[in-house]
S.K.: 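Take this structure, written in structure tokens, and hold onto it; I'll ask about it next.
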Amino acid sequence: MIGYILRRLLQSVAVVIVVTIIVFLLLQALPGGAAHAILGPRATPAQIATFNEQNGLNQPLILQYFHDLGNWVTGNFGFSYKLNQSVSSLLWERLPKTLILSGLALLLTVIVAIPIGIIQAVRRNRTFDYIATALSFIFYAAPTFFIGLVLIDWFSQKLPWFPPEAPQSDGIIPIFQDFDAMVLPIVTLALLSIAGFSRYMRSSVLDNVNQDYVRTARAKGASETRILTRHVLRNALIPIITLLGLSLPALFAGALITESIFNFPGMGLLFWNAAQQSDYPIELGVVIITAFATVIGNLIADVSLAAIDPRVQL
Amino acid sequence: MTFSINPAESPDDSDMNVSNPLHPGEPGELAEVIALPTGLPVGKPRSMFQLGVEVFVQNRLAIVGVVVLVLAIAFCFLGPLVYPTDQVNVNLAIVDLPPGPGHPLGTDAAGYDQLGRMMVGGQTSLVVGFAAAAIATVIGTLWGAIAGFFGGVIDGFMMRIVDAILSIPILFLLLFLVTIVQPSVPVMIFVLGLTAWLIPARLVRGESLTIRVREYVQAVTVMGGSSWRSVLRHIMPNVIGTVIVNATFQVADAILLVAYLGYLGLGIAPPATDWGGMLSDGTQNLFTNYWWLIYPPGLAIIIVVVAVNLVGDGLRDSVEVRLQRR
């Protein structure tokens with residue numbers, strides 16, 4: 001087990017290093033380089049040369065990479081070109097909001113999708129199953145922003161139940177004080193993953209109901225409820241752990257869209273605005289942080305899976 | 001966001017479980033594959049293919065998917081011939097008209113006829129979707145086949161690259177790339193293709209790992225055949241079923257991603273557009289109740305993506321049933 005964790009840890013470190021190399025190469029691919037982006041298109045060659053000199057951009061690439069890597073490891077992602085603030089302080093401000101949005105959406109997903117999937121599997125090929133399947137296909141194919149727009153149209157315009165904009169305040173606590181405004185963003189972000197998770201849960205339960213241990217339990221006279229709750233579900237829920245880890249990148253991307261629809265000042269909105277203004281330090285910081293979070297999430301999922309399920313090959 | 005949890009790729013019917021999809025046109029190899037693990041009666045290769053087609057045709061939902069797709073393609077590419085509209089010149093005299101005579105779906109904020117715009121925008125979405133999926137599938141298949149065949153250090157290295165790119169949310173990567181390169185249709189195809197090859201790479205790698213230890217591949221090596229021969233002539237034909245099934249899901253993902261980029265204002269530049277870009281334009285009118293600017297492109301995306309997923313499901317079933325009945 002320890003060996004497995006160490007191996008997975010090493011793998012994760014390798015992945016993070018490859019991410020930083022990719023990000024570094026992307027930075028190199030910028031047209032005209034960072035100098036051009038900061039100084040603007042009308043900078044003279046002399047200005048650019050001075051800038052490159054001052055920022056060490058005329059050194060060999062490999063040195064630059066290790067220099068940047070050193071900065072990133074210590075949490076220094078440079079200075080925003082447009083917002084006059086260091087990227088790490090911006091991330092520190094915005095990341096918690098995205099985590100709250102995504103975390104609550106994931107919670108809602110698990111609460112809704114797992115029961116739906118179980119009911120579908122138990123009452124397979126009945127009306128509820130068909131309706132849920134049809135809905136999951138539709139929501140799975142619906143772009144997040146369209147779901148968000150329709151929700152605003154119906155539940156904010158036609159029926160004035162919720163505000164069309166997420167809480168705008170600084171800090172975390174005001175978000176919960178203005179929770180009405182969080183309902184639509186959370187639902188928007190959750191609907192897509194509910195579609196995916198309920199399908200997965202349905203299949204997972206169906207996989208398990210035909211297993212030998214279920215037949216054994218039934219032969220011993222266990223009631224159907226007991227078989228479902230004590231035998232099938234305990235096994236069927238295991239793959240959901242992996243799915244939670246795997247769904248992180250999609251969740252972050254969905255958060256970007258959701259934040260842009262509802263103008264929620266989280267990391268996704270920060271990234272989108274930065275992308276429109278070519279504010280590269282912010283883009284790089286966000287990409288590295290999200291990739292890091294994803295790798296950590298997958299690592300935690302894998303390790304807890306190995307801890308829970310002895311069948312996993314270590 | 002579609003990237004990792006396709007409902008159609010759930011555990012009991014995951015592509016991963018298709019250990020050995022068969023290629024219809026390679027009789028010699030087929031017989032070897034079929035005979036290996038089970039010892040069940042061996043069918044003729046041609047009939048295997050026919051069986052697959054039969055299963056697909058019996059799947060009513062898959063046929064509905066095909067029909068919807070054909071209709072959508074006809075609408076986008078033949079529609080403008082039947083219903084020609086000016087989608088280049090802005091006409092400020094007819095801005096934001098509601099649906100009515102002359103403009104069945106109204107007009108948008110630039111005076112473009114919305115129905116005609118749906119056709120033009122759909123062309124972008126469909127062309128980019130299919131082409132990007134094709135590129136991603138080719139790159140991913142080659143990458144995965146090579147990694148899986150060689151194994152060891154090469155495999156480890158190649159798969160860490162895949163892991164790394166997969167851990168960056170694809171939308172973030174795309175947004176970054178389109179700020180570097182001004183998006184046009186070829187650029188979008190290229191960029192989407194270059195970011196979407198990871199899943200096919202993983203699938204194919206997994207399959208090649210299992211196939212390369214099979215006797216008939218080892219026999220090639222023993223007889224002095226090159227590694228490339230093994231990869232191209234033996235591993236590839238055996239993973240083609242999985243690859244084709246995955247390619248359909250790639251098309252669905254690519255159509256959605258084009259829409260996302262368009263929605264975020266980083267898609268194709270006007271006057272060209274795509275369904276996502278149309279939605280983005282329509283968003284500004286959300287609070288004025290110009291519903292015809294929002295619902296048609298949104299529903300079009302959903303309908304086409306559902307259709308593609310249904311076709312993918314049908315294909316997967318036919319690949320799997322061919323395997324089960326062998």
Side-chain angles (χ1 to χ4, degrees), chain A residues 11 14-19 21-22 26 29-31 136-138 140-146 149-150 152-153 157 164 192-193 195-200 202-204 206-207 239 243 246-247 249-254 256-257 260-261 271-272 275-276 278 283 286-287 290-292 294-295 298, chain B residues 1-14 156-157 160-161 163-173 175-181 252 255-256 259-260 263-266 275-276 279-280 282-283 286-287 289 291 294-295 297-299 301-310:
Chain A
Q11 243 179 25
V15 168
V16 171
I17 288 175
V18 178
V19 168
I21 293 175
I22 292 170
L26 283 177
L30 294 181
S136 70
F137 261 88
I138 291 170
Y140 198 78
T144 310
F145 56 83
F146 184 62
L149 292 176
V150 171
I152 291 179
D153 190 18
Q157 301 301 301
L192 173 84
S193 31
F197 272 63
S198 62
R199 289 299 287 166
Y200 209 90
R202 176 182 183 273
S203 309
S204 184
L206 283 182
D207 262 1
L243 192 60
L246 285 178
S247 66
L251 201 66
F252 283 130
L256 189 156
I257 303 282
S260 74
I261 304 169
F271 185 86
W272 184 40
Q276 286 171 314
S278 300
E283 293 185 58
V286 173
V287 166
T290 43
F292 188 67
T294 308
V295 171
N298 279 328
Chain B
M1 196 104 336
T2 60
F3 317 104
S4 61
I5 39 165
N6 199 319
E9 289 171 21
S10 27
D12 69 329
D13 42 24
S14 153
F157 179 70
R160 288 303 83 72
I161 292 181
D163 290 348
I165 305 180
L166 267 182
S167 66
I168 305 174
I170 193 169
L171 196 58
F172 288 61
L173 199 58
L175 281 180
F176 193 95
L177 287 175
V178 295
T179 55
I180 297 177
V181 212
I255 290 175
L256 280 174
Y260 279 112
Y263 175 75
L264 291 171
L266 294 163
W275 287 335
L279 261 169
S280 176
T283 315
L286 182 62
F287 302 108
N289 258 327
W291 56 267
I294 295 169
Y295 287 91
L299 292 177
I301 296 172
I302 296 182
I303 291 170
V304 168
V305 173
V306 167
V308 174
N309 281 334
L310 289 178

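Residue numbers begin at 1 in each chain, while the letters A, B, ... track the order of the sequences.
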S.K.: Rounded to the nearest 0.5 Å, what's the gap from OH on B:Tyr295 to CG on A:Asp153? Could you check?
M.R.: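 One finds 3.5 Å between OH of B:Tyr295 and CG of A:Asp153.
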S.K.: Is the B:Phe172-A:Phe271 ring centre distance short of 6.0 angstrom?
M.R.: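 Close enough - the centres of the two rings lie under 6.0 Å apart.
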S.K.: Let me know if B:Leu173 has heavy atoms under 4.5 Å from chain A in its side chain, its backbone, both or neither.
M.R.: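 Side chain only.
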S.K.: Would you give the length of the straight line joining atom CG of B:Leu256 to atom OH of A:Tyr140, rounded to the nearest 0.5 angstrom?
M.R.: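 It comes to 8.5 Å.
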S.K.: Do you know the tightest heavy-atom contact between A:Val19 and B:Ala164?
M.R.: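 The pair with the smallest heavy-atom distance is CG2-O, 3.5 Å.
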S.K.: Using the side chain to side chain contact (heavy atoms under 4.5 Å, CB included) criterion, which residues pair with A:Ile138? Sequence neighbours excluded.
M.R.: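 Side chain to side chain contact (heavy atoms under 4.5 Å, CB included) check on A:Ile138 returns B:Ile302.
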S.K.: So A:Val295 and B:Asp163, do their side chains get closer than 4.5 Å, heavy atoms only?
M.R.: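 Side chain of B:Asp163 against side chain of A:Val295, heavy atoms only: no contact under 4.5 Å found.
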S.K.: Might you point out which heavy atoms bring A:Ser260 and B:Tyr263 nearest each other, and give the distance in Å?
M.R.: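 Shortest heavy-atom separation between A:Ser260 and B:Tyr263 comes out as OG-CE2, 3.9 Å.
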S.K.: Below 4.5 Å from any heavy atom of chain B, which atoms of A:Ile261 appear? Answer side chain, backbone, both or neither.
M.R.: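 A:Ile261 touches chain B through backbone and side-chain heavy atoms alike.
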S.K.: Just so I understand: if I count every heavy-atom pair under 4.5 Å between each of B:Leu175, B:Ile301, B:Leu264 and chain A, which residue has the most?
M.R.: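 Greatest number of close heavy-atom pairs with chain A: B:Leu264.
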S.K.: Under the criterion side chain to side chain contact (heavy atoms under 4.5 Å, CB included), I'd like the reasoning laid out for A:Asn298 against B:Ser167: C-alpha separation, chi angles, the key distance, then a yes or no.
M.R.: CA-CA 9 Å; A:Asn298 279 328; B:Ser167 66; 5.6 Å; no
S.K.: Between OG1 of A:Thr294 and CD1 of B:Ile168, what distance do you get to the nearest 0.5 Å?
M.R.: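 Rounded to the nearest 0.5 Å, the OG1-CD1 separation comes to 9.0 Å.
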S.K.: Within a strict 4.5 Å, meaning less than it, do heavy atoms of the B:Leu171 and A:Phe252 side chains meet?
M.R.: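 A side-chain contact under 4.5 Å is absent here.
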S.K.: Drop me the distance from B:Leu299's CG to A:Phe146's CZ, to the nearest 0.5 angstrom.
M.R.: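 Nearest 0.5 Å value for the CG-CZ distance: 4.5 Å.
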